[in-house]
Peer 1: 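Got a structure here, written out as structure tokens. Questions coming.
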Number of protein chains: 2
Amino acid sequence: MVKITDVARHAGVSPSTVSYTLSGKRPISAETRARVEASIRELGYRPHAGARALASNKSNVLAMVVPLRAGINVPVVMQFAVSVMTTAREYDHDVLVLTQEEGEKGLRRVADTALVDALIVMDVQLHDPRLPLLRALDRPSVLIGFPADPAGLTCIDLDFKAAGELCVEHLAGLGHRVIGLIGSPPEVYVRQTAFAQRVVQGFTAAAARHGMSSTVHPCEATPAAARTVAERLLREQPALTGVVIHNEAILEPLIDAFEHLGLRVPTDLSLTALCPDDQAETLPVPVTSIAIPSREVGEQAVQLLMSKLDNTPVPSATLLRPSLTARASTAPRAV
Amino acid sequence: MVKITDVARHAGVSPSTVSYTLSGKRPISAETRARVEASIRELGYRPHAGARALASNKSNVLAMVVPLRAGINVPVVMQFAVSVMTTAREYDHDVLVLTQEEGEKGLRRVADTALVDALIVMDVQLHDPRLPLLRALDRPSVLIGFPADPAGLTCIDLDFKAAGELCVEHLAGLGHRVIGLIGSPPEVYVRQTAFAQRVVQGFTAAAARHGMSSTVHPCEATPAAARTVAERLLREQPALTGVVIHNEAILEPLIDAFEHLGLRVPTDLSLTALCPDDQAETLPVPVTSIAIPSREVGEQAVQLLMSKLDNTPVPSATLLRPSLTARASTAPRAV
DNA sequence: ATGAAAGCGCTAACAG
DNA sequence: CTGTTAGCGCTTTCAT
């Protein structure tokens with residue numbers, strides 16, 4: 001293994017000069033830099049991560065907890081995860097993953113052993129058991145999602161309440177009076193997953209404000225469940241003309257289900273969804289939707305973390321404004 | 001931060017005794033051990049990961065490359081990933097993730113800096129560009145999947161060729177003579193993803209052997225594509241009575257599509273799939289299937305890696321025998 | 001069964 | 001702008 005002293009000798013400089021050349025933490029003359037870089041390349045030098053971590057007290061590794069459990073939409077979660085990983089690399093960090101099941105023990109372990117410098121936690125519940133730990137830990141963390149009490153934490157997410165409202169307002173503006181929300185799987189609400197709850201809040205509040213008749217239906221992520229919910233919705237609200245869907249996995253099956261029940265989209269029924277843009281665009285009927293900005297959220301989560309590692313103050317709450325893209329699935333109510 | 005010398009002082013022993021108590025690498029008297037463990041607990045001692053890695057030349061971290069790109073089934077990939085993470089923890093290792101895009105650079109980086117002790121690579125292509133690197137690296141690796149030339153590598157996977165054959169044989173045994181394979185998205189074959197290719201090989205070879213008429217159709221993972229493929233299949237092979245599906249994401253849409261085309265399952269059409277068991281079981285018509293043993297594969301991949309880290313010799317190839325579970329979607333051909 | 005002490009490879013004062 | 005050197009916290013010989 002080639003080490004920093006080898007490079008130093010080869011370049012005719014001291015080890016610290018090699019170190020500073022690499023880190024840029026002090027000025028190095030152009031010639032020296034060139035010589036050092038040449039030696040590094042020539043010898044194929046790679047600094048030892050453990051030695052670095054020990055000497056600098058920084059591992060350049062972030063921990064990320066990926067929620068992979070019942071009811072969550074794995075592809076969407078992985079969009080966040082990929083964005084986090086990609087952005088972390090831009091800041092010269094790697095990402096260590098923890099499963100949800102590792103829970104607080106896992107977080108504590110990687111933080112206390114200095115395996116990671118900072119932590120990113122997704123799938124936050126309103127009363128998440130990990131919050132006290134995250135507040136107490138000596139390492140910074142960022143939550144993707146808002147718990148009931150975010151005091152002392154740094155959180156970022158799409159403003160899901162506003163998103164729920166925005167969907168309703170779009171439908172209201174088109175003249176719809178009777179609407180329904182088809183939500184995520186029941187487990188998600190049972191666990192009080194923050195973002196799902198907030199969509200319901202926004203949806204319900206906006207519907208009330210507009211004097212609309214509304215109902216909410218959680219729904220398993222299977223085509224069969226989609227059919228069942230569609231039927232039930234029409235049975236309970238025969239005058240239904242607007243639907244908000246917050247369940248990416250069964251968007252297409254739901255549309256199919258409504259059409260098989262004799263409702264044309266958007267002629268008889270206007271649909272709007274919360275889902276990734278690429279999905280909304282590529283459906284047979286492009287769906288009016290509020291994008292889930294996983295790209296931005298993951299990116300900003302890492303940036304927040306980097307600021308905290310730099311001791312740069314960061315906003316405690318970052319709520320991304322939802323933006324609705326009107327597509328072919330919504331239209332004025334037929335009169 | 002509490003360090004090993006603090007624990008040593010508190011317990012009235014030397015640092016090396018604390019270290020050996022933790023590692024078990026030399027005998028410690030019961031009393032000493034008890035005293036040390038008490039001190040560790042009392043002081044809340046956690047060994048510093050970087051210091052350990054430097055001194056022992058082991059990071060206790062594995063790298064895992066997760067394939068998240070066009071055409072791959074994210075939930076299935078994550079089943080492997082979770083199994084790897086869970087098993088790694090049982091062996092006291094953590095898992096660092098790399099995206100596919102990091103490619104060889106990423107593998108080289110984490111290996112050369114001693115950030116990780118070993119590597120797991122998924123989504124192997126027949127002529128995978130990473131193979132030379134993996135062969136050359138000074139750290140052990142395990143591939144989940146078989147490249148065209150596995151020489152010098154350690155590979156594990158379900159025997160997908162045998163799986164393809166087994167599906168055909170099951171249908172042949174039921175008297176079917178005209179069959180089709182609905183496969184993964186086209187990109188997967190274009191990239192020459194090993195497992196997908198092997199299913200096709202097994203399917204085609206077995207069909208020929210049994211004198212059956214057969215066709216193969218890649219299919220995008222969308223319900224619309226499912227409908228298109230179903231129609232095409234019936235147009236091209238009107239006498240079709242058996243179908244093998246190797247595309248977990250559109251299993252249910254495909255069944256729907258065939259039923260809407262007037263074919264009852266299994267009365268008119270027998271279906272067999274390669275997919276996770278839980279999915280096969282919970283469909284409206286439980287589907288005869290060969291399980292994708294992600295649990296076992298991930299677990300054994302880690303175990304192979306642990307053996308290699310121990311310098312215990314391991315088999316270069318581990319092919320898991322497929323096993324078919326007959327369910328309600330297959331029946332003897334109507335006469 | 002335990003201790004003493006020499007590193008592991010790097011960073012960051014400190015010194016010039 | 002560069003060199004010298006003292007650790008970082010742990011593991012592991014080498015002693016006893």
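So that the names make sense, note that chain A is the first sequence line, chain B the second, and so on, each numbered from 1.
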Peer 1: Measuring from the side chain of B:S56 (C-beta onward, heavy atoms only), which nucleotide among C:dA1, C:dC14, D:dT12 has the closest atom?
Peer 2: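 Nucleotide nearest to B:S56's side chain: D:dT12.
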Peer 1: Among B:R139, B:K58, B:H93, which residue satisfies the side-chain contact (heavy atoms from CB on, under 4.5 Å) criterion with B:L309?
Peer 2: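 The option that passes is B:H93.
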Peer 1: Which of the following nucleotides, C:dT2, C:dG9, D:dT4, is nearest to the side chain of A:S14?
Peer 2: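 Closest nucleotide to the A:S14 side chain: D:dT4.
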Peer 1: Counting the atoms with a prime plus P, OP1 and OP2 as sugar-phosphate, which does A:V18 contact under 4.0 Å by heavy atoms, base, sugar-phosphate, or nothing?
Peer 2: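 Nothing, no heavy atom under 4.0 Å.
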Peer 1: Does A:S19 have a side-chain nitrogen or oxygen under 4.0 Å from the phosphate oxygens OP1 or OP2 of C:dT11?
Peer 2: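 A:S19 to C:dT11 OP1/OP2: side-chain N or O found under 4.0 Å.
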Peer 1: Enter the distance from B:R109:CZ to A:D92:CG here, rounded to the nearest 0.5 Å.
Peer 2: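 If I round to the nearest 0.5 Å, the distance is 7.5 Å.
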Peer 1: Per the atom types in the model, does the base of D:dT4 pair as donor or acceptor with the side chain of A:S16 at under 3.5 Å?
Peer 2: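 Flag set: donor-acceptor pair detected.
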Peer 1: Between D:dT12 and B:K25, is there an OP1 or OP2 to side-chain N/O distance shorter than 4.0 Å?
Peer 2: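 B:K25 to D:dT12 OP1/OP2: side-chain N or O found under 4.0 Å.
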Peer 1: Ignoring the backbone of B:K3, work out which of D:dC10, D:dC8, C:dT2 is nearest its side chain.
Peer 2: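 So the nucleotide nearest the side chain must be D:dC10.
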Peer 1: Show the nearest heavy-atom pair for residues A:A81 and A:V66, with the distance to one decimal.
Peer 2: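 Closest heavy-atom pair between A:A81 and A:V66: CB-CG1, 4.3 Å.
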Peer 1: Could you walk me through whether A:D6 and A:K3 pass the salt bridge (charged side-chain N to carboxylate O under 4.0 Å, His left out) check?
Peer 2: CA-CA 5 Å; A:D6 300 326; A:K3 49 184 94 161; 5.8 Å; no
Peer 1: Quick one: does A:R26 reach the base of D:dG3 with a side-chain donor-acceptor pair under 3.5 Å?
Peer 2: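 Yes, a donor-acceptor pair under 3.5 Å.
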Peer 1: Starting from P on D:dC8, measure out to NE2 on B:H48 and report it in whole angstrom.
Peer 2: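 Taking atom P of D:dC8 as the reference, NE2 of B:H48 is at 11 Å.
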Peer 1: For B:V13 and for B:A55, locate the closest nucleotide of DNA chain C by heavy-atom distance; then report the residue assigned to the nucleotide nearer the 5' terminus.
Peer 2: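 The 5'-side residue here is B:V13.
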Peer 1: Nearest to the side chain of B:I28 - C:dT2, D:dG9, D:dC1?
Peer 2: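 Comparing C:dT2, D:dG9, D:dC1 against the side chain of B:I28, the answer is C:dT2.
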Peer 1: Assess whether one donor atom and one acceptor atom, taken from the side chain of B:Y20 and the base of C:dA1, lie less than 3.5 Å apart.
Peer 2: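 Check fails, no donor-acceptor contact within cut-off.
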Peer 1: Any donor-acceptor pair under 3.5 Å joining the side chain of B:T17 to the base of C:dA1?
Peer 2: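 No, the side chain and the base share no sub-3.5 Å donor-acceptor pair.
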Peer 1: Can you find an N or O donor on one side and an acceptor on the other, under 3.5 Å apart, linking the side chain of A:R52 with the base of C:dT11?
Peer 2: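 No, no donor-acceptor pair under 3.5 Å.
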Peer 1: On a heavy-atom basis, which atom in B:P150 and which in B:S316 lie closest, and how many Å separate them?
Peer 2: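 Closest approach of B:P150 to B:S316, heavy atoms only: O-OG, 4.4 Å.
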Peer 1: Are OP1 or OP2 of D:dC1 and a side-chain N or O of A:T32 less than 4.0 angstrom apart?
Peer 2: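 Indeed not, no polar side-chain atom of A:T32 lies that close.
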